[in-house]
Structures are given as structure tokens and as C-alpha cells.
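Only this structure's heavy atoms are used, side chains among them; waters, hydrogens and symmetry mates stay out. Atoms within a ligand are numbered from 1 in the order they appear, just like the ligands themselves.
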Amino acid sequence: MKSLTVQGRPPLILIVDDDSVVRFVTRQALERAGFAVVEAAGGDDAMRVFAESGPAVVMLDIVMPGMDGFAVCAAMRNSPSGGHTPIMMMTGLDDSESIDRAFEAGATTFITKPLNLVILSHRLRYILRTKQIEDELRDSEARLARAQRMARLGHWQWEPASGLIRCSEDLAEMIGLGHGEQIVTLDRFVSLIDKPDRERIASALASSAETGQGHRVEYAIARAGGAKLIISQEGDAVLDAAGAVEKVVGIAQDITERRVAEDRIRNLAHFDSVTGLPNRTYLVEILGQTIVGARRQGRELAVLILDIDHFKRINDTLGHGVGDTILKEAARRLVQCIRGNDRAFRSDDGRVGAVGGDPDSLNTVSRLGGDEFVIVLGDVRRAEDSAGVARRVAAALGAPFSAGGSEIRITISTGISVFPVDGDDAESLLKNADAAMFHAKEQGRDRSQFFTASLNERAVRRFSLETNLRKALANDEFLVYYQPKIDIASGGPCGMEALVRWRRGDGQLVSPLDFIPVAEETGLIVPIGDWVMQTACAQTAAWTMQGLGPLRLSVNLSAVQFRRPGFVDRVGAILDRAGLAPDLFELELTEGILVEDTAASIDILRQLNALGLSVSVDDFGTGYSSLSYLKRFPLDALKIDRSFVRDIATDPDDAAIVTATIALAHSLRLRVIAEGVETEAQLAFLRSLGCDEAQGYLYSPPVPATDFGAWLTERRRPRPVALTVMARS
Ligand code: C2E
Ligand code: MG
Ligand code: MG
């Protein structure tokens, strides 16, 4: 017979029987079969021997004086070491009641007396083998439970039919279910999850139940005290014999710590530890994305590399601590400077330039390392404008720094490269901006340089434009030109648009397209715009006095003027002073103004309305093409942009757009003016659509006041006149 050992020794059997003959015979047989044996002659004795010897199996007689077998069995089960020891009860043959009681008391199995000693040793071996398997199973379960606890892992199972979800103890505790709440409804389970994640998780479970496919999701759970857990959950469907989903089972793991660590690693990898700005690696990534966006939308973007002049000297003489303080403060000022730059760098979709790894931003400030910073301007209207940013940034960094008890002043040298002319990937833009920066250093530092020479010239011109524009008002260099608007039905003039011109000291006439953007950026548009309004209103009042009216005067307005506090009052005052009736006055606004800040815009428009003047939307169709605002705003007229009018007679798309626009405007009771009408064919088409007014070279280009007066006088003569096109000036 195969020998059997427990930890290298023969398994120890405790025989408890008050009958010494039974004990003796059994011991003989068992020892021959390779077991070791200890004996006890009664109940009390049994407990002592059990505790001392720790047997592998107990054989227990039932009927004994004193403590009987049932009592001994129960006592052993309750003892610290006896929980899992197999206990074999020895009963009389047909005594099924005793058998039941024995199991109730915790017996493992029973054997009938008189004992068949051959069978007995086989039974014992079988019991021991089973016990070993059970022990191993228990062990591995305990190990698994410990591992799960350590891994913050729990498991769950959901039966769609009952709607109940059963969580393991660990999971229930982890996600904050109350005591005794291991089985809950799906709703209760989902209610623990953070609101924004709930629907996603519920539908992941539902989809597993429906399709039989697994799922893997992550979600957050807010625990009491505000701590947030991140849970990673996986689930798999269990199918029944018919192939239908019976339940969904899975695990859930608390991965909060891992996530925190990952975030930290990502931060370390992406952000500069001194300034908190994106580092070079991250910059290259962001720049790459910005380039993709710019390419898609046909935008230009600029890369500015800033290097602090003689920074090494600061580090060497004042120490690295002072150097770091300056870098930190410089970073702060850069971010603020670029953020304050919304107006010049606003993208078409209304996003404004913010900074520093902000995913919604088009502009980025980052630190390359050392004393070098990089600014990416994600949307520049004109490349040369980025020189203005470089100037502003230099001024911001030019203010004294206080560090290490002293006041320190720095200057910077900036190199600028522009996408797409100077490169169409991140590396080449950075390389070329760097080359430009070195050029700036060579030129004597404290300046900025474009990589492309012609951009330097344009930047210089742009700067001188700004300087001259500042003086233009004082030098009386502005003029107002007038262009008539014709009432299509009658063919007679019904009004005119005032268009500003700048005749510079050198006699050169500058187009508003060239100086209005600069005037807007610098705020000069406010005094210039006021001047245009005053001049044109006075002129219109004069023409009215001469009997050339009634003519409605239109004046263009930029967003900067519209938003200035007190704007409506100033318009009222200007009309009063000129003695012009408000119903002869119209302001032309662009779509952008209206969409920007809806509530405030409506308020201003209402006030203008109350003054009794008209408001029209200029260049309609080129901006945000959101028609909904037309309904919401108190407007009077709509000017169809000349880009649509140009090909109206030949391009079916443009014809369709204009047709629809006129119909829409009329349904909203808005007057429609077509601008840029140059041919009779265009006019005929517009007339057929019922367009109200036309403006364009077909009648006259914008002309100086005296020419316009003469033109009006000519038109007002009683006899019918042939349409004359005046020479452009
Ligand atoms: P806008 O308000 O859309 O003015 C119409 C522009 O189209 C004018 O250009 C005008 O000369 C031009 N135009 C008129 N008829 C025709 C035509 O038949 N064919 C073609 N090709 N063009 C035509 P201008 O005078 O150069 O003004 C350009 C823009 O400058 C104006 O566009 C307006 O947005 C702005 N602007 C002009 N004066 C002022 C002003 O006093 N204040 C403000 N804020 N902006 C102004
Ligand atoms: Mg206009
Ligand atoms: Mg226009």
C-alpha cells in the first residue's frame, strides 16, 4: 500500500473511544497501514489530546460516558485549531438519526460499527486527500483575496433579468456601498458613479447584455470626503446553453494611484519644472497640431523665439536662485501679455488666444530651456503684425524685476518665423526662428528679426504706419468720400455711404483696408470714427438744406467703437449737433460684432433703435453665416457682400445665395442693399429678385464731398439723365 505522509511524517489519527478493545484493534490496523495513532478514552481526554497533538483526522465514538461524541465534535469545531480537521463519527448501523445529528455537530463523514478495518484505512486516505485539496483551494482563495485587496481589485456580476448586480466585498467597500449592500440594483450601482460618466457606463453594461460582447470602461467615483477614485472596469458576458446572455461578470479596479502617477509623469515629461510652461517636447507637439489646423484653415502662424540678453551674467553674478526667480516672473508676464492679445489674434471660430498648454488656445507660450522662450501665435492676420507682439512682449519684460533684494532689468532678442513661408513643420519653423534670433543678437540685441527679410521691411512699414496714424488726426489728414445708394424701383438716389480716406503728408491716399485694422488695434478707430460721423452728418445736413435730399447717410462702425461705453450717447450728441434727423442716419455693422457678445449687443442695438436711427448688417454672408441672429436683433437692413454680387449673373451658386438672402431678409422685414453692383446685368438680376437698393461703380465710385454734391445736383435736375459713371479718384 502506498505510504502517505503529512509534511514528511505519517498522518496522525486520533481515536476517541471508551472501549479499549476497539481502540487497540483499530490502532494495530492503522499502524500497519502506515498511520500514526494517538488515543483518548473519553470526551474530556479527547479535547486535551486533540489540542496537544493536532491530529490529521479524528475518529470519534458517539456513545461515551461524560461528554458524548456530538459534544466533542462541536467543541472541536469551535476550537482554534479544529475548524477544518476532518472528523469521522463512528455510529451504530441503522442509526440515521445519529448520523444527522453528527453532521449538525460538524462531522465530516461517518463510518458504521463494527469497523471494517480494511475499508477504514482506504476511507482515511480518501479523507486526507480531499482535505489536502480543500486546504490548497482555501489557501489559493486566501492568496487571491489578498492579491485582489493589494491590487485594489474587486469583482461583480450583473444579471440583466433580475436587474441586480452582486459586488464582491472588496468592491462594495471600494466604491462606497454601505454594509450589507453587496447586492444592489443597477440603478443604485450607477448612482455611485460621477454624473458625467453614468450614462456611458450604463450603456456599456447594457450593450454587453445585448450583444454578448465584453466591455472595458473607466469612470470616476466621488467618495465621502471629496476624494475621487478612478475605476477601471472590465466585463464579459456569460451565455446560457441556448446562447443567450445570462449574466455579465467582470472586475473593477481602483486605478487612482496609477492615474496620479501617470499624470505626474506626463507633467514631468511635458512641462518645465521652473516655470510650469510647456517644455520643448510638448511645444513641438502643440506646434505640430497648430500647423495642421492652420494648414486646414489656410491661416498663417508665427513662431517667436525669445532669448534674454546676457542672462548668463545674471546667473553668474547673482546666482541661479535669482535667475530662476526672473525666469518664473518672465513666464508669468509672457502668458499675461499673450492672453491680453485677444483682439489682434482672434480666430474665426471665436476662440481667443490663451496660453500655457491650454488645449483650447491657439497661442502658446513655452520654455525651450535656459533663457529661451517660444511663443506660438496660432492665427496671425498678417505676418508682420507679430513684430508688434514682439514689441509688446519686450516692453512687458522690460519692466524691472525684483529678485534677491535688487532690481534687475533685462532686454530680449526675438527671432520670428512664419508658417508657411519659413517652413511647414515644427522643427524647421523653430530652426528658422532661432536663426533669426541669432541675427537679432548680431544686430546688437534688444530687437526682433523676421527670418524672411521682406517681412522685416513690412514690419517696419507697419510700425511707421502706426506712428503716422497717431499723428494723422491732429494733422487733419482724413477725408470722407461718399458713394451713392440707388433705390432700384425708382432709379433715383436714396442715400450714400461715408467711406474714410487718409491723405498722408506726402500726398499718398491710403485705403481704409490698410489702416482701419491698425486703427482698431491701437484704439485710434474711436476718435477717427467719431470724426467721420461728425463730418458726414454735418455734410448730409448741409445737402438736405440745399434741397438735395432726403438722403440716408450710412456710416461704417467697427466693433471697438460699438463696445466702447457711452457710444450710444455720443452718436445721439453727434446727430443733435449736426442737426440731422435720426431717420436719415444708418450705422453699418459687420456680422462679427453681433455674434460676439449677444446679450450686450442686443442691448446696444435697442438703445440705437430708441434713438430712431437704422442699423444694417454690412458684408452679409462673409462672416459667421448664422442666420439665427438676424431674427434676434433689432435690425433694419442687410447689405449683401459684393463677393456674391460679382458673379450673380453667371454663377448659379451665387445667384441661389442672393435669391435666398433677399427672400429671407424680406420675410424678416429687412431692407436689402446689394453692394458692388458694376453691370446692368447684375442690376437686372437684382431687380428681378426685388432687391431694394444698389450701390456700386455702375452708379459711382466713392468720391469727395464736392464731387458727390455735383453728382446729386445733376441727378436732381427735372429732365431724365443717362446714368453716368464718374471717374474714380
Ligand atoms: P465696406 O463698408 O464694405 O465698403 C464698401 C467697399 O466697397 C468700399 O471700399 C468701396 O469703395 C468698395 N466698392 C463700392 N462699390 C464697389 C464696386 O462696384 N466694385 C468694387 N470692387 N468695390 C466697390 P473702401 O472705401 O476701400 O472701404 C473698405 C472698407 O473699409 C469698408 O468696406 C469698411 O469696412 C471700411 N471702412 C471705410 N470707411 C470706414 C469708416 O469710416 N469706419 C470704419 N470703421 N470702417 C470703414
Ligand atoms: Mg460699409
Ligand atoms: Mg460692405
Query raised in the report: Of the non-hydrogen atoms in V672 and A665, which two are nearest, and what is the gap between them?
Result: CG2-CB, 3.4 Å
Query raised in the report: If you take all heavy atoms of L551 and L712, which pair is closest and at what distance?
Result: CD1-CD1, 3.4 Å
Sub-3.5 Å donor-acceptor pair from the side chain of [X] to the main-chain atoms of [Y], do we have one?
X: E300; Y: R382; answer: no
X: N432; Y: D422; answer: yes
X: Q289; Y: I286; answer: no
X: Q682; Y: R646; answer: yes
X: D425; Y: S428; answer: yes

Atom indices of ligand 1, in the order listed, that fall short of 4.0 Å to a heavy atom of [X]:
X: G696; answer: 15 (N), 18 (O)
X: E678; answer: 17 (C), 18 (O), 19 (N), 20 (C), 21 (N)
X: S558; answer: 44 (N)
X: L513; answer: 28 (C), 29 (C)
X: Q483; answer: 14 (C), 15 (N)
X: I516; answer: 43 (C), 45 (N), 46 (C)

Report summary line: In this structure, OG of S448 is separated from CD1 of I416 (nearest 0.5 Å) by 4.5 Å
Is there a heavy atom of [X] sitting under 4.0 angstrom from any atom of ligand 1?
X: E497; answer: yes
X: P702; answer: yes
X: E675; answer: yes

Under 4.0 Å from ligand 1, counting heavy atoms only, is it the side chain of [X], its backbone, both or neither?
X: K639; result: neither
X: D618; result: side chain
X: D619; result: side chain
X: Q695; result: neither
X: V532; result: side chain

Has [X] got an N, O or S atom lying less than 2.8 Å from the Mg ion (ligand 2)?
X: E497; result: yes
X: S554; result: no
X: E588; result: yes

Report summary line: A student comparing V500, V645, V480 should find that the heavy atom closest to atom 41 (O) of ligand 1 comes from V500
Query raised in the report: Of the choices R642, E588, E520, which has the non-hydrogen atom that lies closest to atom 6 (C) of ligand 1?
Result: R642
Query - D692: which of H666, K485, R671 passes side-chain hydrogen bond (donor to acceptor under 3.5 Å, both in side chains) - result: H666
Report task. Could you walk me through whether E586 and K639 pass salt bridge (Lys or Arg N to Asp or Glu O under 4.0 Å), step by step? Result -> CA-CA 12 Å; E586 180 168 77; K639 287 186 83 172; over 6 Å; no
Query - Centroid-centroid distance, W543 to F708, less than 6.0 Å - result: yes
Query raised in the report: Under a 4.5 Å cut-off applied to non-hydrogen side-chain atoms, are V480 and Q539 in contact?
Result: no
